[in-house]
Amino acid sequence: MSRNEALFAAAQQHIPGGVNSPVRAFGSVGGTPRFFTRGEGAYVWDADGKKYIDYVGSWGPLILGHAHPAVIEAVTRTAQNGMSFGAPTEGEVEIADLLCDMLPSLGQVRLVSSGTEATMSAIRLARGYTGRDKLIKFEGCYHGHADSLLVKAGSGLLTFGNPSSAGVPAAVAADTIVLPYNDVAALEAVFAEQGSQIAALIVEPIAGNMNLVQPSKEFVAAMRKLTQEHGAVLIYDEVMTGFRVGLQCAQGLHGITPDLTCLGKVVGGGLPLAAFGGKREIMSKLAPLGPVYQAGTLSGNPLAVAAGLATLQALREPGFFAALSARTQALATGLTQIGQQWPTELQISAQSVGGMFGVYCSPTVPHSYQEVMNSNRSRFNAFFHAMLNEGVYLAPSAFEAGFVSAAHDDDDIQYTLFAANRVLQQMA
Ligand code: PLP
């Protein structure tokens, strides 16, 4: 038995499914999850000592790669002065100023510890601000695991074939209206019928939890226009896309000013930090200023703030996103070229935005949840395992986007393409 297998067997004794977050269990791809012992730059090592090029990056946060020296230095220095105070610290002021400076839509921002907390709190705030209950979300979008958002969601729910969760009261789910992504007519119809009851529309502005699906220009424009016309709060959930697709996130690429934005992953540089923020008029409804309650023992934790600040400062260096985007695009273009040399049923396709990419076992890139669901999942699973064998760690699910970090170099991309070509030849 390998060390990974032994650890997974032991883990299942006292941890449900052996993991602390479902997709880690390799449930949909099968086989044994890798237990990692070390990460450095673009690479991770598992418990059996095998090295992999990592395209998961802790599901997005590690945009600088593993154990980046500036992040390690900032966290170490901060820890020496104490780990947590439950009282304000200067770092929180610094990161709030920086976030509001980087993202023009943020008048004020509140720090929390996970993306789930950010979206859950943003929705409560939108409901408190508007005095309305209904929420629009889109099929295949994942916004964390708060009750009202676990309805037809993406990520692990799609991976395990059950897009809604048991334990969500019907009354709560009834206030969540789920619409197809990229469907302007469906959106217009709901606003025409129920516009005055809708508190908020929450969206992954570039979807990354049903694999990578890009929004159409018309869809992006319609969401802004309809929420504005009907007095609903437009929430851009940029937990994944925030500082991952560009310096001004997806909203910068779209030229849209959302009312509220949720951030996570990259903002914490690998430690538990997330945030939600937006218009002052809305944010001022939050406690202690206003009637909407929201709090957290470890919110704005000094170590997480230090890691976040070091990460944000690094990605503001001139040329950072140009280089990251070019490398990610080289990977996606290369995979597409390699993947298109087969008969249609064997083809793979790929695309990228900034440092985020999607690989699909289908001849063309998908534009909807339905098209993603039509991709060849068993083929993806075979591709995933063969790539793992070649030392390339992709997300263990056909429904997750992948991530390139600033630590990946041209050789890593070339090796990955070489491995993919060999794998597809074996699979053909
Ligand atoms: N929103 C989006 C778009 C996400 O991708 C995720 C996590 O993957 C979340 C929210 C939830 O974040 P967390 O896992 O930190 O709770």
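Numbering of ligands and ligand atoms starts at 1, following listing order.
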**Request:** Give the atoms of ligand 1, by number and element, whose distance to some non-hydrogen atom of V239 is under 4.0 Å.
**Result:** 1 (N), 2 (C), 4 (C), 6 (C), 9 (C), 10 (C), 12 (O)
**Prompt:** Is there a protein heavy atom at a distance of less than 4.0 Å from atom 16 (O) of ligand 1?
**Reply:** yes
**Prompt:** With a cut-off of 4.0 Å, which atoms of ligand 1 are near a heavy atom of M240?
**Reply:** 5 (O)
**Message:** Checking a contact table here: which protein heavy atom is nearest atom 14 (O) of ligand 1, and how many Å away?
**Reply:** T116 OG1, 4.6 Å
**Prompt:** Is atom NE2 of H254 surrounded by more than 12 heavy atoms (other residues, nucleotides or ligands) closer than 6.0 Å?
**Reply:** yes
**Request:** Mark yes or no for whether D147, through its side chain, and G167, through its backbone, hold a donor-acceptor pair below 3.5 Å.
**Result:** no
**Message:** Please state which option from V112, N209, D237 has its nearest heavy atom closest to atom 5 (O) of ligand 1.
**Reply:** N209
**Request:** Just let me know how W59 lines up against ligand 1, side chain, backbone, both or neither, with a heavy-atom cut-off below 4.0 Å.
**Result:** neither
**Fill in**
atom 12 (O) of ligand 1: of P205, A401, G208, G115, the nearest heavy atom sits on G115
**Prompt:** Considering only heavy atoms of S114, which atoms of ligand 1 have at least one such atom less than 4.0 Å away?
**Reply:** 15 (O), 16 (O)
**Element-labelled atoms of ligand 1 that are located less than 4.0 Å from some non-hydrogen atom of E204** = 3 (C)
**Message:** Tell me whether E40 at atom CD has more than 12 heavy atoms from other residues, nucleotides or ligands lying less than 6.0 Å away.
**Reply:** no
**Asked** Is a side-chain donor or acceptor of E5 paired with a backbone partner of T32 at a separation under 3.5 angstrom?
**Response** no
**F384 and F380 aromatic ring geometry - parallel, tilted or perpendicular at 30°/60° bounds** = parallel
**Message:** I need the contact type for K265 against ligand 1. Using non-hydrogen atoms and a strict under-4.0 Å cut-off, is it side chain, backbone, both or neither?
**Reply:** side chain
**Ligand-residue contact atoms, ligand 1 with G144, heavy atoms, under 4.0 Å** = 9 (C), 10 (C), 11 (C)
**Message:** For the aromatic rings, using the six-membered ring if either is Trp, is the centroid distance between F8 and F26 under 6.0 Å?
**Reply:** no
**Request:** Please lay out, stage by stage, how R34 and D54 fare under the test salt bridge (charged side-chain N to carboxylate O under 4.0 Å, His left out).
**Result:** CA-CA 12 Å; R34 301 307 188 258; D54 180 18; over 6 Å; no
**Message:** Under a 3.5 Å distance rule, please check whether E371 uses its side chain to pair with a backbone N or O of H367 as donor and acceptor.
**Reply:** yes
